[in-house]
Amino acid sequence: MNNKYLIISNDLIAKDTYKLIFKGDIQKNILPGQFINIKIEDGYKFLLRRPISICDHNGNYITIIYKILGEGTEVLSKMKAGEIIDILLPLGNGFTIMTEPNKQLLIGGGVGIPPLYLLASKMIEQRIDFKVILGFNTFEDIFLVEEFKALGVEVFVSTMDNSFGIKGNVMDVIKQLNIDYDYYYSCGPAKMLNNLVKTKILGQLSFEERMGCGFGACMGCTCKTKTSSKRICKEGPVLESSEVLVDE
Amino acid sequence: MNNKYLIISNDLIAKDTYKLIFKGDIQKNILPGQFINIKIEDGYKFLLRRPISICDHNGNYITIIYKILGEGTEVLSKMKAGEIIDILLPLGNGFTIMTEPNKQLLIGGGVGIPPLYLLASKMIEQRIDFKVILGFNTFEDIFLVEEFKALGVEVFVSTMDNSFGIKGNVMDVIKQLNIDYDYYYSCGPAKMLNNLVKTKILGQLSFEERMGCGFGACMGCTCKTKTSSKRICKEGPVLESSEVLVDE
Amino acid sequence: MNRLSVKLPNLDLDNPIIPASGTFGFGYEFSEYYDINILGSFSFKGTTLEKRFGNKTPRIAETYAGMLNSIGLQNPGVHDVLNVELVKLKEVFSKKVIANIGGSTFEDYIEAVTIISQSDIVGAIELNISCPNVNAGGMVFGTNKDIAFKLTKAVKRHTHLPVYVKLSPNVTNIVEIAKEVERAGADAISMINTLVGMRIDLKTGKPILANNYGGLSGPAIKSVALKMVHQVYQAVNIPIIGMGGIMNANDVLEMMYAGATAVQIGTANLIDPLACKNIIEELPSVLDKYGIKNIREIIGRAHL
Amino acid sequence: MNRLSVKLPNLDLDNPIIPASGTFGFGYEFSEYYDINILGSFSFKGTTLEKRFGNKTPRIAETYAGMLNSIGLQNPGVHDVLNVELVKLKEVFSKKVIANIGGSTFEDYIEAVTIISQSDIVGAIELNISCPNVNAGGMVFGTNKDIAFKLTKAVKRHTHLPVYVKLSPNVTNIVEIAKEVERAGADAISMINTLVGMRIDLKTGKPILANNYGGLSGPAIKSVALKMVHQVYQAVNIPIIGMGGIMNANDVLEMMYAGATAVQIGTANLIDPLACKNIIEELPSVLDKYGIKNIREIIGRAHL
Ligand SMILES: Cc1cc2nc3c(=O)[nH]c(=O)nc-3n(C[C@H](O)[C@H](O)[C@H](O)COP(=O)(O)OP(=O)(O)OC[C@H]3O[C@@H](n4cnc5c(N)ncnc54)[C@H](O)[C@@H]3O)c2cc1C
Ligand SMILES: Cc1cc2nc3c(=O)[nH]c(=O)nc-3n(C[C@H](O)[C@H](O)[C@H](O)COP(=O)(O)OP(=O)(O)OC[C@H]3O[C@@H](n4cnc5c(N)ncnc54)[C@H](O)[C@@H]3O)c2cc1C
Ligand SMILES: Cc1cc2nc3c(=O)[nH]c(=O)nc-3n(C[C@H](O)[C@H](O)[C@H](O)COP(=O)(O)O)c2cc1C
Ligand SMILES: Cc1cc2nc3c(=O)[nH]c(=O)nc-3n(C[C@H](O)[C@H](O)[C@H](O)COP(=O)(O)O)c2cc1C
Ligand code: FES
Ligand code: FES
């Protein structure tokens with residue numbers, strides 16, 4: 001096992017948001033919704049790894065998109081093409097693509113959007129019909145919209161401050177445009193996921209949790225489900241809506 | 001106060017021994033025997049600075065010579081021209097050049113040799129006559145000998161294993177060659193300094209001590225002298241032989 | 001005997017490297033990364049009589065050179081550990097393990113120890129009287145010398161296995177407690193468990209951990225662990241398993257110099273699942289570097 | 001009142017930044033680096049009745065994200081501090097300082113406090129009952145609640161100045177001790193002094209510090225300090241001066257959220273003599289970032 005990867009590019013694509021492409025000997029099968037865990041530096045200032053979703057994967061290349069949220073992602077944003085980073089991958093269960101439902105929806109909010117891109121690509125490969133709803137706070141935060149469109153799917157965009165697309169969050173889009181769907185895949189803020197679960201429509205949701213290891217060893221990320229407890233890093237981050245406990 | 005300096009070069013010059021030249025806005029007066037205190041990295045893996053003697057100084061350029069002794073110096077050895085380092089300088093009292101004695105000697109052992117080079121240059125500027133004795137462990141460790149010779153002074157070299165020059169340590173050189181001297185300046189291993197003090201001949205010796213701050217704030221480096229106690233980083237590192245307590 | 005082997009009561013270790021409880025699950029999942037039979041032994045996740053979910057999340061926070069956890073002894077209960085987890089483990093691991101046992105009452109501890117002692121792959125009990133993340137029992141037992149004495153004594157009566165007692169560093173006088181558990185019959189001492197710390201989120205103004213406080217582990221605590229091992233080594237005659245911030249083979253040596261017979265590696269496993277493997281592979285060359293023939297000769301060297 | 005000002009008993013501070021005892025000498029030497037009048041106040045080097053040389057060197061060792069010191073209260077004695085050091089200080093500093101006082105016996109403490117209380121630039125006494133580097137007194141007093149109570153009470157009777165008591169983190173229950181010193185009349189609590197740690201030199205096999213053990217300070221202890229300040233804040237009604245691993249303005253906020261009214265900066269001064277200046281200058285923009293109008297409003301915010 002060699003966890004060293006070469007940074008190919010690391011560019012600002014929206015406000016505080018970076019797209020990083022890296023390369024390595026990626027032997028393993030990568031599923032949409034899986035994540036990677038990055039060691040920011042060699043030392044112990046950032047002792048723990050940072051989990052980031054896989055946004056795209058192509059042979060030996062992987063793309064991630066991340067936002068500067070604290071000190072670790074800030075240091076990451078300063079890394080340059082040609083530098084080497086230490087990454088564990090792929091982690092987590094990933095989304096399971098459903099073939100039965102025929103009005104499927106991909107619903108992403110903010111930095112929850114990246115994993116949906118690889119999912120969309122795979123669904124297109126499998127000739128599954130679906131629509132995409134992407135929610136942002138404001139115009140400056142918008143990213144990946146063009147890439148989704150380039151896949152040839154219908155994409156609806158909303159902003160909270162009405163600076164672009166439909167005003168409001170992804171739920172508002174569904175309501176306003178009266179979008180009819182029978183299954184969904186989603187990743188985004190906890191509140192958004194909670195609202196989706198409450199709709200009772202079936203789907204898969206990707207959750208975030210603070211992690212110690214990211215690969216199942218520490219029980220740092222355990223959440224309760226209706227029937228058992230699951231490690232977000234191992235039996236997650238994707239859970240089925242039917243098992244998720246709603247936060248009232 | 002801006003403590004940032006630009007590395008001009010950082011080259012291996014002997015076994016595990018590097019010569020690093022850096023540049024900056026060096027406004028202050030620099031005395032031979034003073035030292036600098038280097039922050040190895042931004043993070044907290046190496047929390048404390050590393051003290052290293054000034055080997056040469058020329059306008060805005062300073063040269064140091066250091067040996068890899070632990071993890072900090074190892075990381076330092078990997079830094080490259082063009083990188084920026086954070087340094088406090090100049091620290092400590094430095095040597096006081098004596099004009100009266102006329103058979104003066106510079107006595108250096110191992111990584112204690114570097115500060116004697118700037119001292120030698122200054123003494124030559126002041127047209128003081130002196131000889132130089134440099135002791136090393138083995139041939140591979142030897143450095144700076146040519147530079148001392150280039151100053152036009154007589155240089156005697158010894159190695160403990162007889163791989164070059166006179167066999168033994170600097171005291172053996174003095175004995176074997178029957179070198180007559182009435183004053184000395186020295187820097188090197190504690191044992192060597194102790195032996196020199198025991199000779200009762202007057203001189204100045206530069207001491208090493210583990211340091212917290214390097215500029216007098218923490219009392220981490222205090223040593224007892226015959227009459228008082230001195231901070232090696234502030235009232236030292238150079239002490240007069242007459243005040244040094246001998247370790248029997 | 002190879003140059004890395006050491007002996008603990010009832011455990012002959014091929015090397016002194018033992019993954020620490022709570023950072024290696026029940027072990028078998030690590031065999032995805034390497035053959036875990038190279039380990040000296042390992043201490044499994046703190047197990048209690050009943051199944052426990054543990055504390056609310058967030059359970060993890062980071063701090064300089066350290067991490068905080070407030071897992072709260074999440075485990076499937078001793079019956080499932082015996083009948084499910086250890087069965088899975090046996091498929092990939094052929095050595096004896098150390099059973100880390102927690103509890104809220106004397107009865108809990110005793111029953112859990114009695115049950116786990118039936119396992120033929122358990123070589124020793126590690127009595128966790130130092131978990132900072134549970135309300136009852138845990139650290140409360142480990143910070144009071146009389147309770148520590150009584151519990152150790154009681155547990156000793158209910159198992160044929162040696163009992164290693166795991167001490168908390170959150171005490172005024174760890175030597176006193178070490179001596180008491182020795183007097184009560186402890187066969188070895190494991191130390192240290194985590195210090196207690198907290199972090200606060202500057203954006204929300206709230207503690208990051210749902211439980212407010214958590215156990216501090218990692219490089220930040222190494223010097224504290226070294227000092228306590230050094231102190232306890234002078235006061236007791238039973239072996240010490242040292243831990244706290246060990247990240248590499250140099251750290252192993254330092255801990256053994258302080259007085260440890262074997263070491264446990266905790267946080268390092270979380271950052272690199274290969275940490276223990278790397279350390280085991282690094283050890284011979286580090287011994288060479290310092291002219292050490294045999295690792296046994298360095299136990300307590302700092303006391304010479 | 002400016003947005004950074006805070007109040008401690010008898011000290012109105014322009015900002016909550018106070019260099020910690022032992023890391024700023026007697027202050028005047030730092031005026032080589034900047035005008036120290038920008039500081040809130042500062043706590044001078046631990047002073048004892050008699051002159052002390054302190055411990056043998058090496059007195060300093062490094063550890064991950066921390067340092068160990070075993071200075072052992074080197075100081076010129078309270079008479080010289082009063083008549084020499086504070087006189088030099090007055091030439092460059094126009095604010096009140098905090099007098100950090102140590103000792104081996106009750107009588108020592110009382111006499112030193114009595115003498116230093118004569119100084120017109122001392123605004124408060126900081127009773128150091130937590131120095132880990134001295135044999136008698138020091139931490140021994142600070143780890144026993146009854147002694148801590150009695151000493152605080154005795155000292156209070158001998159000075160007109162407020163007494164801040166500086167607590168040791170090396171205890172099982174710091175809350176208990178904080179409550180006792182409050183009951184004895186302490187006007188504020190300073191916390192935390194250093195944890196105890198050690199390092200061993202792998203080449204020689206010997207402890208690096210001549211004194212074997214030393215006090216651990218720096219980023220490594222920050223989470224422990226935060227937790228203890230948070231705990232004590234809930235238990236006492238007197239203000240807390242928080243310290244332990246504060247390196248930047250973010251750390252200041254976190255400590256004040258935990259419950260500190262002001263903070264002390266120790267180790268950071270040793271690594272960068274401008275540390276306190278930088279922190280003071282950084283503070284307004286960090287307050288802006290988190291939408292804080294006035295620093296006083298964040299004291300204890302994590303408890304809301
Ligand atoms: C499965 C998963 C997938 C993720 N995918 C993405 C992604 O594709 N793009 C993206 O921008 N972000 C993603 N995140 C969030 C990302 O991990 C955090 O933004 C990042 O860890 C913050 O690190 P920091 O050093 O900047 O922040 P700091 O606050 O300095 O970090 C301190 C500690 O808290 C942890 N932490 C802080 N915020 C979070 C968070 N929201 N979730 C988990 N841990 C956190 C850090 O990992 C670190 O251990 C994902 C999180 C998870 C769990
Ligand atoms: C005034 C002075 C001048 C010096 N000049 C030179 C020089 O010109 N060239 C040179 O090669 N070396 C010099 N040294 C020694 C140099 O400081 C150490 O070799 C260096 O600090 C080792 O750092 P490290 O991280 O590699 O070792 P580590 O052992 O990893 O360092 C750990 C800690 O111990 C300290 N430390 C370790 N060894 C020493 C030592 N011998 N003296 C002081 N602190 C030590 C480090 O600074 C650090 O704080 C000088 C020391 C002093 C005090
Ligand atoms: C996530 C996590 C979970 C832990 N769970 C337990 C436990 O169940 N039982 C126990 O005795 N110690 C537990 N510990 C403590 C470790 O076994 C070890 O004593 C401590 O982490 C210090 O070692 P380290 O610095 O190498 O991590 C846990 C530590 C961590 C980080
Ligand atoms: C070198 C050094 C000397 C110290 N001397 C004293 C002292 O004389 N009196 C005292 O109360 N605390 C002393 N301390 C403790 C500090 O004041 C402070 O409590 C501790 O270092 C934690 O803060 P920090 O992590 O910011 O350094 C000293 C600390 C250091 C590093
Ligand atoms: S983060 Fe360790 S188990 Fe999930
Ligand atoms: S190293 Fe701090 S006073 Fe000399």
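Chain identifiers are assigned alphabetically (A, B, ...) following the order of the sequence lines, protein sequences preceding nucleic acid strands; residue numbering begins at 1 within each chain.
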Using every non-hydrogen atom in the two residues, find where [X] and [Y] come nearest and quote the distance to one decimal.
X: D:T57; Y: B:E209; answer: OG1-OE1, 3.0 Å
X: D:K203; Y: B:L69; answer: NZ-O, 3.1 Å
X: D:L270; Y: B:A217; answer: CD2-CB, 4.1 Å
X: D:P273; Y: B:L88; answer: CD-CD1, 3.7 Å

Heavy-atom pair count under 4.5 Å with chain D, highest-scoring of B:K224, B:K39, B:K45: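 Highest number of pairs under 4.5 Å: B:K224.
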Salt bridge (Lys or Arg N to Asp or Glu O under 4.0 Å) partners of D:E62, counting only residues at least two apart: B:R50
Side-chain donor or acceptor of D:R59 paired with backbone N/O of B:C221 under 3.5 Å: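 Checking the backbone N and O of B:C221 against the side chain of D:R59, no donor-acceptor pair under 3.5 Å is found.
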Are there over 12 heavy-atom neighbours, none belonging to [X], within less than 6.0 Å of that residue's [atom1]?
X: B:K198; atom1: NZ; answer: yes
X: B:K226; atom1: NZ; answer: yes
X: D:Y34; atom1: OH; answer: yes
X: D:D35; atom1: CG; answer: yes
X: D:K206; atom1: NZ; answer: yes

Residue selection (most heavy-atom pairs with chain B, distance under 4.5 Å) from [options]:
options: D:P19, D:G66, D:G218; answer: D:G66
options: D:T63, D:I208, D:N55; answer: D:I208
options: D:G25, D:P219, D:G54; answer: D:P219
options: D:F24, D:F53, D:F26, D:F30; answer: D:F53

Side-chain ion pair, B:K234 and D:E32, N-O less than 4.0 Å: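 Counted as a salt bridge, because a side-chain N and a carboxylate O are separated by less than 4.0 Å.
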Ring center gap for B:F46 and D:Y64 short of 6.0 angstrom: no
Under a 4.5 Å cut-off applied to non-hydrogen side-chain atoms, are [X] and [Y] in contact?
X: D:N269; Y: B:C213; result: no
X: B:C218; Y: D:T23; result: no
X: D:I60; Y: B:M219; result: no

Part of D:A61 within contact of chain B (heavy atom distance under 4.5 Å): backbone
Residues in residues 67-95 of chain D near chain B [non-hydrogen atoms, under 4.5 Å]: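 Hits under 4.5 Å: D:M67, D:I71, D:Q74.
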